[in-house]
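Below is one structure, written out as structure tokens, with a few remarks after it.
Proteins get letters first, then strands, A, B, ... in listed order; numbering begins at 1 in each. Predicted model only: the values in this text are computed from it and were never measured. Both backbone and side-chain heavy atoms feed into the values below; hydrogens, waters and symmetry mates do not.
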Protein chains: 2
Amino acid sequence: MRFPKLFERLATLAPLPPEEWAKAEAVAKEQSLAKRELFLRPGDAADRFAVVLQGVFRAVRVSPRGGESIKAFRAEGELLGAYAEMLQRLPSMTAIEALEPSHVLVFQTQDFQQLERGHVCWERLARRVAEQHFVLKERREQEFLELSAEERLVKFWEEHPHLKGRISQRDVAAYLGITEVALSRIMSRRRKRAE
Amino acid sequence: MRFPKLFERLATLAPLPPEEWAKAEAVAKEQSLAKRELFLRPGDAADRFAVVLQGVFRAVRVSPRGGESIKAFRAEGELLGAYAEMLQRLPSMTAIEALEPSHVLVFQTQDFQQLERGHVCWERLARRVAEQHFVLKERREQEFLELSAEERLVKFWEEHPHLKGRISQRDVAAYLGITEVALSRIMSRRRKRAE
DNA sequence: CCTCCGCCTTAACCCAGGTCAAGCCCAGGT
DNA sequence: ACCTGGGCTTGACCTGGGTTAAGGCGGAGG
């Protein structure tokens, strides 16, 4: 077994027989990415996903009007991919970019579907993953509905302390739905308030 | 079969043997709700969900600070329940309220889990449901990140024309994340612009 | 060593939306 | 016919965040 830690993490989501995991490892390919390199670019078919072994990524949505907003950051142990587009069989509208030299474990969705046909555990795992992603998005929805930019900032760092120092202010702002300038102002306001 | 239309809708999501559906119908209970009556109140255990047969509901989250925001409206054929809380086994933080005299088909999650043990089709269906809910929430996230309140309003009516006349302005505003007052202003601005 | 560039901050100005408060319209109840 | 209350609008005023533009600073390449 090449990735025992990953196996353990997945096994906590749904019962996963080691021999099924072995099959998964057999079809997965490792890939290294340089800083700024894209794992997925907008327009690509959303036919693969990955687990981050090392590094940090940002999922950027480039809107028709040219604005960039950030859907998520992904670090070690997390899933990488244009999930929504995959589910809808649409080309990716998301760019997924390494913010550091990174290392990932790539799966073709096709291969994964093959695994699903072989054992129910994969179906169950996919369900858990979908459910967890849903819970996260709903939490984010709440934050937009109820919180100011400043409150969202505080929550962001509470929930993602491991990203400290690894992502730019500009990107944090794009994640919160505000501009770099506004974020800077908010931070200086807080600094002053704390004397 | 008491609800052939519902069966057909579900069968489009995942293959669903009629005999399995029959079992589901057997454990489901119909419930009628008056206008303003709650299907679920905050603090309740999130141990049941329902399909709307007739009527419209709103899922309201009452924030600690007393503000009300609306997570979703649900009309005929849609699912009703504190989904995120159910998945996390938390008490409901959501009130689900009938906006009209309504009629729903209620399932206990416990009964549903029993069905899951009996046949894989339910697992697959649950996965599809989770995935669809995810896609919807992600769409909403995009809207908060990229669109102004006015643009969100336009999209809202494009996507939910069947709610026209059935929900109050105040509720639309609470769904968009703005106040009743701001919504009214936006509408009068648009009226003028259209001369 | 200097320059350039990317990243962050600051300032000036503007506008969308929040807040508070008054007022309107209409449906229901007496 | 009268009140009452809920839902919607409007106005005055305030504030958070957008926009633009001007630096500051630190690291990479000449």
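- The cluster map of Ile, Leu, Val, Met, Phe, Trp and Tyr, joined by side-chain heavy atoms under 4.5 Å apart, puts B:Leu79 and B:Phe3 in the same cluster.
- A donor-acceptor contact closer than 3.5 angstrom is absent between the side chains of A:Arg139 and A:Gln142.
- One atom, CG of A:Leu99, and another, P of C:dG6, lie 16 Å apart when rounded to the nearest Å.
- Centroid-to-centroid, the aromatic rings of B:Tyr175 and B:Phe156 come within less than 6.0 Å.
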- Message: Under the criterion salt bridge (charged side-chain N to carboxylate O under 4.0 Å, His left out), I'd like the reasoning laid out for A:Glu19 against A:Lys23: C-alpha separation, chi angles, the key distance, then a yes or no.
- Response: CA-CA 6 Å; A:Glu19 58 275 20; A:Lys23 289 190 211 167; over 6 Å; no
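- For the segment residues 153-176 of chain B, the set of residues with a heavy atom within less than 4.0 Å of an atom of DNA chain D comprises B:Ser168, B:Gln169, B:Arg170, in numerical order.
- Note: NZ (A:Lys35) to P (C:dG6) measures 12 Å, nearest angstrom.
- Residues B:Arg189 and B:Arg193 meet the side-chain proximity criterion, which asks for heavy atoms closer than 4.5 Å.
- As rounded to whole Å, 15 Å separates atom C1' of C:dC15 from atom CD of B:Glu151.
- Hydrophobic clustering of Ile, Leu, Val, Met, Phe, Trp and Tyr side chains at less than 4.5 Å, counting indirect connections, keeps B:Leu147 apart from B:Ile178.
- Between the P atom of D:dG17 and the CE atom of A:Met187 lies a distance of 14 Å, rounded to the nearest Å.
- In this structure, A:Phe57 has its ring center at least 6.0 angstrom away from the ring center of A:Phe73.
- Between the two ends of the helix from C:dC1-D:dG30 to C:dT30-D:dA1, each summarised by a five-pair axis, the helix axis turns through 20° (rounded to 10 degrees).
- If you measure from atom CG of B:Leu147 to atom P of C:dA16, you get 15 Å, rounded to the nearest angstrom.
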- What string of B, S and - do you get for nucleotides 17-23 of chain C, 5' to 3', if B is base contact, S is sugar-phosphate-only contact and - is no contact with any protein heavy atom under 4.0 Å? BBBB---
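- Taking the centre of each ring, A:Phe49 and A:Phe107 come in below the 6.0 Å mark.
- Taking a 6.0 Å sphere around CD of A:Gln110, one finds it holds 12 or fewer heavy atoms contributed by other residues, nucleotides or ligands.
- No side-chain N or O of A:Gln169 forms a donor-acceptor pair with one of A:Ser184 less than 3.5 Å apart.
- For the pair B:Phe144 CZ and D:dG17 C1', the computed distance is 17 Å after rounding to whole Å.
- Under the 4.5 Å side-chain contact rule for hydrophobic residues, A:Val120 and B:Phe112 do not share a cluster.
- Distance, A:Arg190 CZ to D:dG17 C1': 17 Å, rounded to whole Å.
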